Amino acid sequence: MALSYLRSSSSRSVNLLKPLSSSLPLRRPISTDTTPITVETSVPFTSHQCDAPSRSVETNPKELLTFFRDMALMRRMEIAADSLYKAKLIRGFCHLYDGQEAVAVGMEAAVTKKDCIITAYRDHCTFIGRGGTLLEVFAELMGRQAGCSKGKGGSMHFYKKDSNFYGGHGIVGAQVPLGCGLAFAQKYSKDETVTFALYGDGAANQGQLFEALNISALWDLPAILVCENNHYGMGTAEWRAAKSPAYYKRGDYVPGLKVDGMDALAVKQACKFAKEHALKNGPIILEMDTYRYHGHSMSDPGSTYRTRDEISGVRQERDPIERIRKLILSHDLATEKELKDIEKEVRKEVDDTITQAKESPMPEPSELFTNVYAKGLGVESFGADRKEVRATLP
Amino acid sequence: MAAIFQGVGAAATLSSSPSNSFVPKKFLTSPRRSFCVPSSVVVRSDGSVNFDLNSKSRRAQQLVANAVATKADSSAASSSSNPGHELLLFEALREGLEEEMERDPCVCVMGEDVGHYGGSYKVTKDLAKKFGDLRVLDTPIAENSFTGMGIGAAMTGLRPVVEGMNMGFLLLAFNQISNNCGMLHYTSGGQFTIPIVIRGPGGVGRQLGAEHSQRLESYFQSIPGIQMVACSTPYNAKGLMKAAIRSENPVILFEHVLLYNLKERIPDEDYICNLEEAEMVRPGEHVTILTYSRMRYHVMQAAKTLVNKGYDPEVIDIRSLKPFDLYTIGNSVKKTHRVLIVEECMRTGGIGASLTAAITENFNDYLDAPIMCLSSQDVPTPYAGTLEEWTVVQPAQIVTAVEQLCQ
């Protein structure tokens, strides 16, 4: 889906550029170029109980531009969600992922849609990465019918069954045993696919995580536990919550890898490595060293437990989108103007989708009772005399 | 979809033999005589009813010590056309589980000691040998995570049967059962179904102490999205197990530690019990007694005494704890106008409390007397045998309650 947009956008921008920059008459269409480029990750991998993968990552212009566009889309989407929340169109909880986009896009580049991904409540961008549409995101955030969960889930409950995205979970850490269960089902059905169970540095201290890891290691399940370490568990810094903040080592007998989570290519390399490892040897832990610019959620300003200098420092030095932008420009894959055009186009797309989502209606009152039970073996909520049907089950 | 064969079998009635043997499953023969219904209204003192009954019965009657697994008379099921086969309740559960595992390769069992050990109550005996370690899985002692794993596997379409070695241990998995098992179908807008079965023994008996004698029906009953059933006879144990496995909804199957050795003759052919239907154990005219699980046997014992005293109780095993089968219950209330609920749950916030509310809301006009509810005392189950017996409802208390209700 993203690729077709990319093709149309870059061809549009190439057309715009043609009359202006006649000095580049023989420019190849950048969108379909797959000549391999090798990039070195800026930070080496640190490993625990396994051999780290190589720092040289194979990529190509198409992939890099896809990364750029997808991350720009995610960034724009999260910022738009911020404004929608302040305009009281989104209520309740809203956990934003900006700053961490590299983890979502890097992971998608390394796996197929048959591999399962499950995450916690910071799931808007992971959902987009799995093929969810912007309309489904904004409609669900605003509680409308066009949302991915028909407006009944909210920010923390995005799911996409057909591309194996299992959510979207509110309770910290509860998704990790679910993820190991997905890996179990994959092993049971002999699918040769893996499950990525994402959790944060706060959830890394949950007991059920270690229980699930123990069972996964015992039964050799293709489970990859990914700790998105953004260094703060809500308002508590990691060194105040964990005696050992080396989350990749916490698996003890389970191998681990520490990855620079702001570098999409490093994430891609690590996920590829992890997938191969998990299919052969069982579970592995990946720790993604990443950062979130917003606070934990919309009610958290994000500056009471960390300095503004720290936030802006990371934004200047490690921002994932800037990194890809620099890479693209240094390899001469696109001009600055083209990249800016992509960003403008993404912004327009987000704005248009928000307008469209606002027009989607609220769910019908009868939707209150649908989907409580699945229809099967006569589960119907009748009134006491069996005559009136209290709730129609789909 | 599997055909639901529950017609004659589930709606069990008593034969009209004068000996009045109270057996769980019978076939309807001839209509019964009816006694005249007492007309005055009972004024009930609330809350302290249990204690009054206690003191009365202690003075008046001997406590029945073995008021539990009454053996079914072997003459009971002889009127069926097919011979059937006799087995114990845990064997019936195993048979149901085995048949479903043969029928559908997606069914797997997870629990502590279910595999090589054969199950702490032998429900999964020899299944690991037959189906292998990937389908009958021994888990470490980690209820929270293996229940979560079962739910995760169910999201993809597998049909795990998660066994809690004792129902009380499932409290550790409460978050997974409540938030993920019950709610995922709703919060995903219908994308995922969770066809999981969570089962295990609970209840009071065998002097296991407070922590191992818990009744979790009351804690789970308000979780939206799950179904709860309680089995009480080998026939309905097998039927409910099979129906639960085939259901697309998460089902919690409550078994009772003391009922595992009940023997009964069950049909040879494939059958299922409807998950939402209550079982008519003994039709009657004077009073409706609603019960489930082990208390069914206490009620039937009390019914023996009551019939000798001239009462005609209608006994219904509600079986489906969530949702209640208000249809069967309602028809009974409309007939008898008096309701007694006998349950093993705690008094506060138990199944009886919800059932009282449901009946009052829907059938208030049909009631001649306030609903009486006999439940276990609101205490941790003590170890000492005599104290443990007083925690639960005894047949003598049921008899007194009916007499009071029918004054």
Side-chain angles (χ1 to χ4, degrees), chain A residues 116 118 147-154 156-157 159-162 164 166-171 174-189 195 207-216 218-219 370-386 394, chain B residues 1-2 4 106 108 110 133-135 137 139-140 142-158 160 175-176 179-180 183-195 224-227 243 246-249 272 274-277 323 326-327 329-330 358 361-363:
Chain A
C116 303
I118 188 170
C148 54
S149 300
K150 300 189 198 158
K152 298 201 283 196
M156 298 190 289
H157 298 287
Y159 305 90
K160 198 163 167 64
K161 184 172 186 177
D162 48 13
N164 285 316
Y166 287 86
H169 295 274
I171 302 294
Q175 75 277 11
V176 178
L178 287 186
C180 295
L182 298 173
F184 170 70
Q186 286 172 328
K187 180 168 180 153
Y188 194 95
S189 325
T195 300
Q208 51 189 321
L209 209 138
F210 297 98
E211 291 178 19
L213 197 59
N214 179 35
I215 301 182
S216 308
L218 264 178
W219 294 350
T370 57
N371 298 131
V372 180
Y373 290 107
K375 198 162 169 62
L377 280 184
V379 183
E380 282 164 325
S381 301
F382 281 105
D385 51 7
R386 278 263 146 152
Chain B
M1 284 303 282
I4 300 173
C106 288
C108 55
M110 283 186 195
D133 275 345
L134 198 58
R135 288 191 74 187
L137 300 142
T139 61
E143 282 79 9
N144 197 357
S145 49
F146 73 70
T147 312
M149 285 178 71
I151 296 167
M155 282 170 96
T156 66
L158 284 196
N175 174 53
Q176 296 287 353
N179 287 327
N180 292 331
M183 301 199 195
L184 272 172
H185 187 60
Y186 191 84
T187 55
S188 66
Q191 287 180 66
F192 297 111
T193 56
I194 318 285
I226 57 161
Q227 276 189 268
R246 293 188 200 182
S247 168
E248 288 300 317
N249 294 300
I272 299 182
N274 194 341
L275 285 175
E276 303 85 36
E277 206 155 30
L326 286 177
Y327 183 66
I329 295 172
E361 258 171 43
N362 291 299
F363 306 114

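Values below: all heavy atoms of this structure, side chains included; hydrogens, waters and symmetry mates excluded. Owing to the predicted nature of the structure, the values given are computational and were not obtained by experimental measurement. Chain naming here is simple, since letters A, B, ... match the order of the sequence lines and numbering starts at 1 in each.
- The two residues Phe184(A) and Leu137(B) make their nearest non-hydrogen contact at CZ-CD1, 3.1 Å.
- Leu182(A) touches chain B through backbone and side chain together, each having a heavy atom under 4.5 Å away.
- Distance check: Gln186(A) CD to Leu158(B) CG gives 10.5 Å after rounding to the nearest 0.5 Å.
- Between the side chain of Lys150(A) and the main chain of Gly189(B), a donor-acceptor pair closer than 3.5 Å is present.
- Considering OH of Tyr373(A) and CD of Glu276(B), their distance stands at 9.0 Å, rounded to 0.5 Å.
- Interface summary for chain B: among Cys116(A), Gly153(A), Ser149(A), the most heavy-atom pairs under 4.5 angstrom belong to Ser149(A).
- Summarising the geometry, atom NZ belonging to Lys160(A) is positioned 13.0 Å from atom OG belonging to Ser188(B); distances are rounded to the nearest 0.5 Å.
- The shortest non-hydrogen separation linking Gln176(B) to Pro177(A) is NE2-CG, 3.8 Å.
- Proximity to chain B is absent for every atom of Ile118(A), based on heavy atoms less than 4.5 angstrom apart.
- Minimum interatomic distance between Ile215(A) and Ser145(B) (heavy atoms only, all atoms of both residues): CD1-OG, 4.0 Å.
- Gly190(B) approaches Asn371(A) most closely through the heavy-atom pair CA-ND2, 3.4 Å.
- In this structure, no portion of Glu361(B) lies under 4.5 Å from any heavy atom of chain A.
- Listed options Met110(B), Arg135(B), Met155(B), Met149(B) were ranked by heavy-atom pairs under 4.5 angstrom with chain A; first place goes to Met149(B).
- Contacts of Thr156(B) with chain A are made by both backbone and side-chain atoms, with heavy-atom separations under 4.5 Å.
- Only the backbone of Ile226(B) comes within less than 4.5 Å of a heavy atom in chain A; its side chain stays farther off.
- Gln175(A) is not listed as a side-chain neighbour of Asn180(B), based on a closest heavy-atom distance of 4.5 Å or more.
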Side chain to side chain contact (heavy atoms under 4.5 Å, CB included) for Asp162(A) and Gln191(B)? Distances and angles first, verdict last.
CA-CA 9 Å; Asp162(A) 48 13; Gln191(B) 287 180 66; 5.7 Å; no
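- At a 4.5 Å heavy-atom cutoff, Met183(B) makes no contact with chain A through either its backbone or its side chain.
- At a 4.5 Å heavy-atom cutoff, the contact between Asn144(B) and chain A is made by backbone and side-chain atoms alike.
- Note that CD1 of Ile171(A) and CG of Asn175(B) are 5.0 Å apart. Values are rounded to the nearest 0.5 Å.
- Using a 30° and 60° split on the angle between ring planes, Phe192(B) and Tyr166(A) fall in the parallel class, below 30°.
- Residues Glu211(A) and Ala142(B) approach most closely at OE1-CB, 3.2 Å, considering heavy atoms.
- Between Pro140(B) and Leu218(A), the closest heavy-atom pair is CG-CD1, 3.9 Å.
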